[in-house]
Amino acid sequence: MPHISLVRHGQANTQARDETSYDKLSPLGHQQAVWLGEHMRESGQTFQRVYSGSLRRHRETAQSMRADSFAEVVIDPRLNEFSYFDLARLMDEQYGLQVPSDREGFVSHLPQVLRAWERGKIHGAPESFEAFDARVKAAIKDISAGDGHALVVTSGGLIGAVLRHTLDLDIDGWAKMCLAIQNTSVHRLQKVLGQPLLTQFNSISHLETPERHHAQTHL
């Protein structure tokens, strides 16, 4: 039965505090992607279709995975992440919500940003929540309508949004999903009786051996 495998990009520039600076893989991010591609080929996984967002970190992940060894990579901007750094900056300017400097701080920061964005409370947002939500639904609907297994390289926020739709989560549930998703993790959706079901979440089989534990990253 055809399925969709969603892959979060490799570790990006963790020191960045703006969209442009963040949008490139770290050396570890490239290595994570290399290992994932090797694991997929060695375990006999096949994909008839491959898609990637147009952001640099998406394209670099697909390249390091050698995703084009499965099928030609189709670049689709609808698979791009929402502009978290821009939204966080606006929240700071408009409501005094400071951007955290560690992962623990993001646990409380991210749901506050997402709730305000969803309610239209962030003035001057580069993209409305409704526009983001609509493009994610449209992209996944189009990919689901195709034939054969599909590989999709994208970002954690977008993967979380797809899982929110699939599992009927509220905004806080979406935020928890986003915080849990690891770099180069794999998430699988499969249609059963016409409905998409989550059959795999946050798989990092390519990083499970002891010598690769250091490469299990969230940021």
According to a 4.5 Å side-chain heavy-atom criterion applied to Ile, Leu, Val, Met, Phe, Trp and Tyr, with indirect links allowed, do Y51 and F47 form part of one hydrophobic cluster?
-> no
Without hydrogens or angle criteria, can the side chains of R188 and S5 be said to hold a donor-acceptor pair below 3.5 Å?
-> yes
D23/R56 salt bridge by N-O under 4.0 Å criterion | no
Determine, step by step, whether R8 and T154 satisfy the side chain to side chain contact (heavy atoms under 4.5 Å, CB included) criterion, reporting the C-alpha distance in whole Å, the side-chain angles of both residues, the deciding distance to 0.1 Å, and the verdict.
-> CA-CA 5 Å; R8 185 190 176 196; T154 180; over 6 Å; no
Once you round to the nearest 0.5 Å, how far does CD1 of I171 lie from CD of E118?
-> 4.5 Å
Step-by-step side chain to side chain contact (heavy atoms under 4.5 Å, CB included) determination, Q216 to I204 | CA-CA 8 Å; Q216 298 179 12; I204 50 168; 3.6 Å; yes
Closest contact, heavy atoms only, F132 versus L158 | CZ-CA, 4.2 Å
Side-chain donor-acceptor pair present, T199, H3, cut-off under 3.5 Å | no
Could you please spell out the steps behind the side chain to side chain donor-acceptor pair (under 3.5 Å) verdict for S69 and R41?
-> CA-CA 9 Å; S69 67; R41 284 182 289 274; 3.0 Å; yes
Are T46 and F70 close enough that some pair of their side-chain heavy atoms sits under 4.5 Å apart?
-> no
When you check the side-chain N and O atoms of H30 and S64, is any donor under 3.5 Å from an acceptor?
-> yes
Compare every heavy atom of H9 with every heavy atom of Y22, then report the nearest pair and how far apart it is.
-> OH-CE1, 3.6 Å
So, do V50 and V74 sit near enough that their side-chain heavy atoms are less than 4.5 Å apart?
-> no
Verify same cluster id: L207, V7 (apolar side-chain graph, 4.5 Å) | no
Would you call H187 and Q200 a side-chain contact if the rule is heavy atoms closer than 4.5 Å?
-> no
Taking atom types as modelled, is there a side-chain donor on N80 or S155 under 3.5 Å from an acceptor on the other?
-> no
Measuring from H58:NE2 to Q63:CD, what's the distance to the nearest 0.5 Å?
-> 13.0 Å
Okay, side chain of W117, backbone of E127: is any donor-acceptor separation there less than 3.5 Å?
-> yes
May I ask you to say whether R164 pairs ionically with D133, meaning some side-chain N is under 4.0 Å from a carboxylate O?
-> yes
Salt bridge check: are E93 and R89 linked by an N-O gap of less than 4.0 Å?
-> yes
Please answer: with hydrophobic residues joined when any side-chain heavy atoms are less than 4.5 Å apart, are L28 and L219 in the same cluster?
-> no
Provide the closest heavy-atom pair for S203 versus S205 in the form atom of the first, atom of the second, distance.
-> OG-OG, 3.3 Å
Which atom names give the shortest non-hydrogen contact between R212 and H206, and what distance separates them?
-> NH1-O, 2.9 Å
Applying side chain to side chain contact (heavy atoms under 4.5 Å, CB included), run through R49 and L151 and close with a yes or a no.
-> CA-CA 6 Å; R49 298 172 292 138; L151 176 65; over 6 Å; no
dist Y95:OH -> Q112:CD (nearest 0.5 Å) comes out at 12.0 Å
What closest approach, in Å, do L169 and L163 show between heavy atoms, and which atom pair accounts for it?
-> CD1-O, 4.2 Å
Would I181 end up clustered with L36 when hydrophobic side chains under 4.5 Å apart are linked, directly or stepwise?
-> no
Plane angle bin for F129 and W174 - parallel if under 30°, tilted between 30 and 60°, otherwise perpendicular = tilted
State whether a side-chain donor-acceptor pair under 3.5 Å links S185 with N202.
-> yes
Do any N or O atoms from the side chain of S128 and from the backbone of A131 form a donor-acceptor pair under 3.5 angstrom?
-> yes
Contact check, side chains of L6 and V186, non-hydrogen atoms, under 4.5 Å = no
Side-chain heavy atoms of Q11 within contact of L25, under 4.5 Å = no
Counting distance only, does the side-chain N/O of Q190 pair as donor-acceptor with the main-chain N or O of L197 below 3.5 Å?
-> no
T61 to G10 - nearest heavy-atom pair and separation | OG1-N, 3.1 Å
Using distance alone, with no hydrogens and no angle criterion, decide if H109 and Y84 have a side-chain donor and acceptor under 3.5 Å apart.
-> yes
Answer yes when R78 and D142 have at least one side-chain N-carboxylate O distance shorter than 4.0 Å, and no when they do not.
-> yes
About how many Å separate CZ of R135 and CD of E130, when rounded to the nearest 0.5 Å?
-> 13.0 Å
Which distance, rounded to the nearest 0.5 Å, do you find between the CG of L55 and the NZ of K24?
-> 15.0 Å
E72 side chain vs D68 backbone, donor-acceptor pair below 3.5 Å | no
Trace of the salt bridge (charged side-chain N to carboxylate O under 4.0 Å, His left out) decision for R57 with E81 = CA-CA 10 Å; R57 59 189 182 274; E81 181 67 289; 5.2 Å; no
Give the intermediate values and the outcome of side chain to side chain contact (heavy atoms under 4.5 Å, CB included) for residues L114 and F82.
-> CA-CA 10 Å; L114 294 182; F82 60 84; 3.8 Å; yes
Roughly how far apart are E38 CD and R66 CZ, rounded to 0.5 Å?
-> 8.5 Å
Does Q48 reach the side chain of D147, with side-chain heavy atoms less than 4.5 Å apart?
-> no
Hydrophobic cluster membership, L97 vs V107, 4.5 Å side-chain cutoff | yes
Any side-chain heavy atom of S144 within less than 4.5 Å of one from I4?
-> yes
Donor-acceptor side-chain pairing of Q32 and T217 below 3.5 angstrom = yes
Would you check if the side chain of S21 reaches a backbone N or O of D18 as a donor-acceptor pair within less than 3.5 Å?
-> no
